[in-house]
Amino acid sequence: NINLFPYVIPEIRPERKTTIHVCVLQVSVLERVFQVNSYPGIQLREELAGRLNLDEDRIQIWFQNRRAKLKRSHRETRLQLVHNNIQTGMS
């Protein structure tokens, strides 16, 4: 059995952006906006970026991550309710 491809082709990954640390004041503003609108449009994201001194794409990622966190939280809450119902039904 002859190996026609003896060389390993290195995996090429896009460069990761550096992690942006958002200060407490910036988070509080973003959280307040999130309570009203979890899907802000480009205009609002650009306005937030200007006011908070962050890149618009970082604002967009923050909202994506926050929506994922909310979804995860809802899933965990539902799971806990099911677990509690099973426990009380077995008593």
Side-chain angles (χ1 to χ4, degrees):
N1 194 2
I2 299 172
N3 187 353
L4 298 176
F5 301 100
Y7 304 104
V8 176
I9 299 172
E11 186 177 339
I12 299 172
R13 295 182 184 186
E15 248 184 72
R16 258 184 96 137
K17 291 192 176 193
T18 56
T19 302
I20 301 295
H21 298 282
V22 183
C23 79
V24 176
L25 180 61
Q26 291 167 323
V27 170
S28 69
V29 171
L30 292 169
E31 285 288 350
R32 277 186 275 146
V33 173
F34 185 83
Q35 295 300 318
V36 176
N37 182 2
S38 60
Y39 288 90
I42 184 68
Q43 287 181 322
L44 180 54
R45 290 195 313 266
E46 286 177 345
E47 183 180 336
L48 286 167
R51 290 183 180 193
L52 299 176
N53 197 26
L54 295 168
D55 291 338
E56 182 275 328
D57 62 332
R58 298 292 90 197
I59 301 278
Q60 185 174 20
I61 297 298
W62 186 91
F63 276 91
Q64 286 176 350
N65 291 339
R66 185 63 181 81
R67 288 191 300 268
K69 180 179 177 182
L70 181 63
K71 185 176 180 182
R72 188 170 53 249
S73 171
H74 284 200
R75 189 175 331 136
E76 290 169 1
T77 301
R78 285 193 309 269
L79 185 62
Q80 187 62 45
L81 286 172
V82 169
H83 179 73
N84 290 345
N85 287 339
I86 290 171
Q87 292 297 323
T88 55
M90 297 179 86
S91 311

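By the side chain to side chain donor-acceptor pair (under 3.5 Å) test, Gln64 is found to be paired with no residue, residues two or more places apart in sequence or in another chain being considered. Leu25 is linked by a side chain to side chain contact (heavy atoms under 4.5 Å, CB included) to Cys23, Ser28, counting only residues two or more places apart in sequence or in another chain. For the side chain to side chain donor-acceptor pair (under 3.5 Å) test, residues two or more places apart in sequence or in another chain that qualify with Asp57 are Lys17. Looking at residues two or more places apart in sequence or on another chain, you find no side chain to side chain donor-acceptor pair (under 3.5 Å) involving Asn53.
Taking CG from Leu79 and CG from Asn84, the interatomic distance works out to 9.5 Å, rounded to the nearest 0.5 Å.
Within the structure, salt bridge (charged side-chain N to carboxylate O under 4.0 Å, His left out) pairs that include any residue of residues 67-80 do not occur (at least two apart or interchain). Within the structure, side chain to side chain donor-acceptor pair (under 3.5 Å) contacts touching residues 31-50 (residues at least two apart or in different chains) are Glu31-Arg66, Arg45-Glu56, Glu47-Arg51.
Between Leu54 and Trp62 the shortest side-chain heavy-atom distance does not fall below 4.5 Å.
Hydrophobic cluster membership differs between Leu70 and Ile61, with clusters built from Ile, Leu, Val, Met, Phe, Trp and Tyr side chains linked at under 4.5 angstrom.
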